[in-house]
Amino acid sequence: MTNQLRVGPNTRVLVLTGAGVSAESGIPTFRASADGLWENHRIEDVASPEGFAKDPTMVWRFYSERRARAATVAPNPGHIALAKLQRDLGDRMMLVTQNVDGLHQRAGSDPVTEIHGGLYKTRCTHCEREPFEDHDLYMTEGDLPFCAECAAQNKTSLLRPHIVWFGEMLNAADLHRVTRFISNAEDLIFVAAGTSGAVYPVANLVYRAKNSGGRTVLVNADEVQNASGFQQWIRGKSGEILPTLFDIEPPV
Ligand code: BV8
């Protein structure tokens, strides 16, 4: 198959996924579906600190509906293929996802760098307590969650989704780990799968990989905004392409 990527004994593989990788599991993508709207709100307005400050009930409903939906779907062959690749390559592979749905973890991928946060994590808007696992749904104003640790100090602090919203910085340690993986690779393959390359700074990663001498490959259904960064575009569904994409050379 011409589209196979040879993974030699010294090859390191960085895979970046976006909403398109979860589409075959039944989770709508951001921009393709309903032109990036949710209940007639622009995603950028709902997934933002300003949106949360203005209407925390509406934002918690947005994330609660996604929590409920993601719990009803299953990982698809694309997720499963990436989990197998990680088992085969160990620390020679890094999986970075912009998705927050947890499907990579449910397919067995570990570790997963959730560069835009995670749907099933919640944190306090004020205190420094660690983000915690939370599968609860907060659909109405009466459901709004508040921090128990702040309450113990007579403070009222709303809890928020542990998501990187538009206008918020990405986790510096995550970004550092990704850029270090790229710069340490003697022989790098960078694969972006199911992402429109529309959101920064993640959309710039392909250029960092290309400029470091890496091979850059796009697995995507449609044209993307950062197309100039890719040396190869394998057009199609990630669930059909990823399972046979990598040809791993047995260790000598
Ligand atoms: C920051 C969490 C700085 C929310 C998300 C102008 C220029 C440059 C930057 C900016 C700018 N204006 C504003 C910015 C900054 C902004 C940004 O990039 N905006 C965009 C809209 C221009 N970025 C930020 O705000 C970031 N922070 O810059 O901080 C800063 C500096 C100082 C001080 C403070 C801050 C934070 C960005 C993170 C936002 N959060 N997610 C949530 O999920 O609820 S982004 C959100 O969109 C998702 O995480 C998602 O990952 C991301 C991108 O979407 P995709 O995953 O690519 O999905 P999409 O639907 O777009 O595409 C799917 C693709 O799959 C399609 O191409 C389709 O063809 C394909 N497909 C579909 N099915 C399949 C398939 N492919 C294969 N198989 C299939 N079956």
Side-chain angles (χ1 to χ4, degrees), residues 3 15-39 41-52 58-70 73 75-82 95-104 112-123 131 160-172 174-175 191-207 217-227 229-230 233-243 245:
N3 287 331
V15 179
L16 168 68
T17 64
V21 158
S22 293
E24 290 158 82
S25 294
I27 294 193
T29 60
F30 281 87
R31 288 160 189 86
S33 57
D35 49 64
L37 288 181
W38 173 77
E39 287 191 355
H41 300 282
R42 278 174 5 106
I43 294 280
E44 286 79 12
D45 297 337
V46 180
S48 74
E50 298 76 17
F52 186 71
M58 184 263 289
V59 174
W60 263 120
R61 187 168 70 248
F62 172 60
Y63 285 99
S64 297
E65 286 182 358
R66 290 169 68 192
R67 280 185 177 176
R69 181 173 199 145
V73 303
N76 64 60
H79 296 109
I80 292 162
L82 293 177
L95 176 61
V96 180
T97 187
Q98 300 168 95
N99 299 340
V100 296
D101 57 33
L103 287 177
H104 282 301
V112 177
T113 298
E114 290 183 312
I115 200 121
H116 287 163
L119 203 46
Y120 297 102
K121 289 210 187 82
T122 295
R123 72 169 194 255
R160 59 165 280 180
H162 183 52
I163 293 276
V164 180
W165 281 330
F166 287 97
E168 293 186 324
M169 296 291 276
L170 277 63
N171 177 286
D174 283 348
L175 280 175
V191 174
T195 178
S196 61
V199 173
Y200 296 82
V202 170
N204 279 328
L205 288 178
V206 62
Y207 297 105
V217 180
L218 174 68
V219 173
N220 209 65
D222 306 303
E223 292 274 349
V224 297
Q225 294 189 27
N226 55 352
F230 295 97
W233 175 20
I234 304 173
R235 182 163 201 169
K237 294 186 172 182
S238 48
E240 294 168 5
I241 295 167
L242 291 175
L245 181 60

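Atoms within a ligand are numbered from 1 in the order they appear, just like the ligands themselves.
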Proximal ligand 1 atoms for [X], defined as those under 4.0 Å from one of its heavy atoms:
X: Gly236; value: 77 (C), 78 (N)
X: Glu24; value: 78 (N), 79 (C), 80 (N)
X: Ala19; value: 55 (P), 56 (O), 58 (O)
X: Tyr63; value: 4 (C), 42 (C), 44 (O)
X: Gly167; value: 24 (C), 25 (O), 34 (C), 35 (C)
X: Gly18; value: 56 (O)
X: Ala23; value: 73 (N)

Who gets closest to [atom] by heavy atom: [options]?
atom: atom 20 (C) of ligand 1; options: Ala198, Pro201, Ser22, Gly194; value: Ala198
atom: atom 55 (P) of ligand 1; options: Thr195, Leu170, Val164, Asn99; value: Thr195
atom: atom 67 (O) of ligand 1; options: Thr29, Val59, Asn220, Asp222; value: Asn220
atom: atom 29 (O) of ligand 1; options: Glu114, Gln225, Glu168, Glu240; value: Glu168
atom: atom 44 (O) of ligand 1; options: Arg66, His116, Arg235; value: Arg66
atom: atom 4 (C) of ligand 1; options: Leu218, Ile163, Val21, Asn204; value: Ile163

[X], portion touching ligand 1 at heavy-atom distance under 4.0 Å:
X: Val199; answer: both
X: Gln98; answer: both
X: Trp165; answer: backbone
X: Ala221; answer: both

Does some side-chain heavy atom of Ile27 sit less than 4.5 Å from a side-chain heavy atom of Leu103?
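A side-chain contact under 4.5 Å exists here.
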
Quick check: do Pro28 and Arg69 have side-chain heavy atoms less than 4.5 Å from each other?
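Yes, side chains in contact.
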
For [Y], does its backbone N or O pair with a side-chain atom of [X] as donor and acceptor, under 3.5 Å?
X: Asn76; Y: Gly78; value: yes
X: Asn226; Y: Ala203; value: yes
X: Asn220; Y: Ala193; value: no
X: Asn3; Y: Leu245; value: no
X: Thr97; Y: Asn99; value: yes
X: Arg67; Y: Leu119; value: yes
X: Ser22; Y: Ser25; value: no

Pair Val224-Trp233, side chain to side chain contact (heavy atoms under 4.5 Å, CB included): steps then yes or no:
CA-CA 10 Å; Val224 297; Trp233 175 20; over 6 Å; no

Quick one: sort the Trp165 and Tyr63 rings into parallel, tilted or perpendicular, breaks at 30° and 60°.
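Tilted.
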
